[in-house]
Undergrad: 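Shown below is the structure under consideration.
For ligands, and for the atoms within them, numbers begin at 1 and follow the listed sequence.
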Amino acid sequence: MARVLIVGGGIAGDTLAVYLERDGWEVVVTEIAPALRAGGQTVDLRGDSAEVLDELGLLEQARKRLIPQRGAAWIVADGRRLAEMPVTAFDGQGLVSSEELLRTDLARLIHDAAGPGVIRRFGETVTALRDSGSRVTAEFRSGDAEDFDLVVGADGAHSRVRALRFGPEENYRRPLGLAHAWFTLEEEPATPKLDGWFLLCNVPGRRALEARPGHPGQQEIGLTFAADTLPPRDDREAQFALLEQIFADAGWRAREFLDAARKAPDFALDTYDQVHMPAWHDDRVVLVGDSAWCASPLSGLGTALALRGAAELTTALRAANAPADPAGIPAALAAFESAMRPRITSAQQLPPGRVAAVAPESMLGIRVNAWIMRAVQTRLARPLVARAMAGTEHHRPAQTP
Ligand SMILES: Cc1cc2nc3c(=O)[nH]c(=O)nc-3n(C[C@H](O)[C@H](O)[C@H](O)COP(=O)(O)OP(=O)(O)OC[C@H]3O[C@@H](n4cnc5c(N)ncnc54)[C@H](O)[C@@H]3O)c2cc1C
């Protein structure tokens with residue numbers, strides 16, 4: 001039986017594991033975290049996501065986990081609302097939709113769909129990849145080494161497989177100039193309630209505080225600010241110190257959020273980057289998801305592209321008659337790349353002003369942004385915007401904080 005190693009048990013990796021196990025592959029998934037990684041804000045269930053989940057027979061279960069939302073509202077530090085966009089805007093195609101669920105719930109759903117044939121190794125990763133004849137030898141952190149017919153790097157934006165096979169991250173990373181911390185806040189009796197609204201509080205100096213609905217009794221918090229580089233990912237104290245320095249005087253619920261960040265088990269901080277690579281495959285090694293093409297959360301499409309990428313890779317492997325005939329795998333990887341490339345090129349083209357609008361520099365910029373959000377919903381502008389959105393499905397920013 002042909003063997004595939006999937007490095008990274010996130011959305012792309014686990015989706016691929018489900019597909020390939022069903023196709024008769026022997027599947028090994030190594031995930032660096034000690035268990036399935038929880039965390040993340042809402043992800044969009046429209047478009048590619050719904051199609052792929054439907055194909056896997058998971059759409060109805062995903063729909064049962066939708067988060068009730070009423071819309072997005074832009075506020076200022078004293079809590080005043082400058083603009084609102086309800087979920088009904090643009091026939092449900094606006095910034096926030098009624099078809100969103102938490103990334104945690106989606107990751108769990110896909111993870112649980114894998115059968116007993118998927119071998120999972122948590123707390124494990126690859127340290128080297130060597131071509132040996134028509135197979136690839138993977139060396140693991142544990143010291144073991146095994147041969148595989150196919151190795152898939154689904155290990156996210158800071159991919160180890162990419163670094164091992166295609167070169168250092170700096171060669172492919174394009175920072176967008178913003179960083180984002182996200183975590184879950186446990187509501188207490190005194191916590192201001194969101195009532196289904198995703199609240200975005202812009203503060204001069206390119207800062208934004210965000211609170212969106214999560215599971216009952218929880219809120220999903222985001223802190224966005226201008227930065228291209230951050231303290232090391234394993235230095236939590238330096239990360240919290242940076243957030244204190246940037247947000248301590250921001251007003252609104254900044255103090256509450258900074259305290260909650262320290263307590264949150266799912267706290268994460270990263271830059272908003274894109275990953276641009278001239279090729280995602282090399283012989284029998286291929287990248288899928290953020291490792292290959294991260295479009296950044298500002299595209300609103302990270303999850304949809306991860307799901308679609310896993311589906312397209314499966315289609316290409318089936319067409320090459322793998323796993324029955326592993327000889328066709330390299331050609332299948334080339335076919336996968338040709339099928340995915342146009343979609344990724346389109347998704348990575350953020351609309352003009354997209355990055356600046358997330359965190360304007362001045363109060364004037366904040367007011368202009370809010371005015372635009374109101375103006376696009378007026379009766380005069382609505383048909384034009386709706387038409388533009390219909391033509392650029394890839395640019396829907398529903399997943400963005
Ligand atoms: C915990 C978490 C929260 C997120 N929250 C959001 C969010 O709120 N909004 C948003 O837009 N996007 C979020 N993302 C990113 C989003 O999931 C991806 O953009 C999208 O789903 C693409 O999925 P992916 O499978 O390519 O990458 P990811 O979902 O990032 O999955 C990558 C997986 O690989 C694992 N991994 C990393 N390095 C290694 C290694 N060396 N060896 C083995 N495994 C490794 C990671 O632990 C992770 O499980 C989040 C990702 C994670 C992991």
Undergrad: Check whether Arg141 reaches the backbone of Gly123 with its side chain - one donor and one acceptor, N or O, closer than 3.5 Å.
TA: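 Pair found, side chain donor or acceptor close to backbone of Gly123.
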Undergrad: Which is closest to atom 28 (P) of ligand 1 by heavy-atom distance: His111, Arg103, Arg121, Glu31?
TA: Arg103
Undergrad: Considering Ala107, Gly156, Ser49 one by one, which has a heavy atom nearer to atom 30 (O) of ligand 1 than any of the others?
TA: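 Heavy atom nearest to atom 30 (O) of ligand 1 belongs to Gly156.
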Undergrad: Any cation-pi pair here, Arg341 with Trp280, using under 6.0 Å and within 45°?
TA: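 Verdict for Trp280: a cation-pi partner in Arg341.
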Undergrad: Counting from 1, what ligand 1 atoms have a heavy atom of Gly289 closer than 4.0 Å?
TA: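 Under 4.0 Å from Gly289, ligand 1 has these atoms: 26 (O).
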Undergrad: Considering only heavy atoms, does Ala38 approach ligand 1 within less than 4.0 Å through its side chain, its backbone, both, or neither?
TA: backbone
Undergrad: Do Gln274 and Trp293 have side chains that get closer than 4.5 Å, going by heavy atoms?
TA: no
Undergrad: In ligand 1, which numbered atoms sit nearer than 4.0 Å to a non-hydrogen atom of Ala306?
TA: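 Close to Ala306: 22 (C), 23 (O).
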Undergrad: I need the atoms of ligand 1 closer than 4.0 Å to a non-hydrogen atom of Arg160, numbered in the order shown.
TA: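 Atoms satisfying the 4.0 Å criterion: 41 (N).
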Undergrad: Which pairs count as salt bridge (charged side-chain N to carboxylate O under 4.0 Å, His left out) when at least one residue sits in residues 299-328, sequence neighbours excluded?
TA: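 Listed by first then second residue: Asp23-Arg318, Asp48-Arg308, Glu51-Arg308.
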Undergrad: Any chance NZ of Lys64 has more than 12 other-residue heavy atoms, nucleotides or ligands included, within less than 6.0 Å?
TA: no
Undergrad: Could you tell me, atom by atom, which parts of ligand 1 come under 4.0 Å of a heavy atom of Gly39?
TA: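 Under 4.0 Å from Gly39, ligand 1 has these atoms: 3 (C).
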Undergrad: Taking only heavy atoms of Val7 into account, list the atoms of ligand 1 that are under 4.0 Å away from them.
TA: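 This gives 42 (N), 43 (C) as the contact atoms.
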Undergrad: Is there a heavy atom of Ala154 sitting under 4.0 angstrom from any atom of ligand 1?
TA: yes
Undergrad: Is any side-chain heavy atom of Arg212 less than 4.5 Å from a side-chain heavy atom of Gln41?
TA: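 A side-chain contact exists here, since the closest heavy-atom pair is under 4.5 Å.
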Undergrad: Is the terminal nitrogen or CZ of Arg207 (NZ for Lys, CZ for Arg) located under 6.0 angstrom from the six-membered ring centre of Phe225 and within 45° of that ring's axis?
TA: no
Undergrad: Is Asp149 paired with Arg3 through a side-chain N to carboxylate O contact shorter than 4.0 Å?
TA: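 Between Asp149 and Arg3 there is no salt bridge, as every charged N stays at least 4.0 Å from the carboxylate O atoms.
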Undergrad: Within the 4.0 Å heavy-atom shell around Gln41, which atoms of ligand 1 are there?
TA: 7 (C), 8 (O)
Undergrad: Please work out which of Gly302, Gly40, Gly9 has its closest non-hydrogen atom nearest to atom 5 (N) of ligand 1.
TA: Gly40
Undergrad: Does any N or O atom in Ala33 lie less than 3.5 angstrom from one in ligand 1, N or O only?
TA: no
Undergrad: Can you name the atoms of ligand 1, numbered from 1 with element, that are less than 4.0 Å from a heavy atom of Pro297?
TA: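 Heavy-atom distances to Pro297 below 4.0 Å select 11 (O).
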Undergrad: Are Glu139 and Arg160 close enough, and set up right, to give a salt bridge (charged side-chain N to carboxylate O under 4.0 Å, His left out), and what steps lead you there?
TA: CA-CA 13 Å; Glu139 290 176 17; Arg160 169 82 61 96; over 6 Å; no
Undergrad: Could you tell me which atoms of ligand 1, counted from 1 in the order shown, lie closer than 4.0 angstrom to a heavy atom of Thr30?
TA: 43 (C), 44 (N)
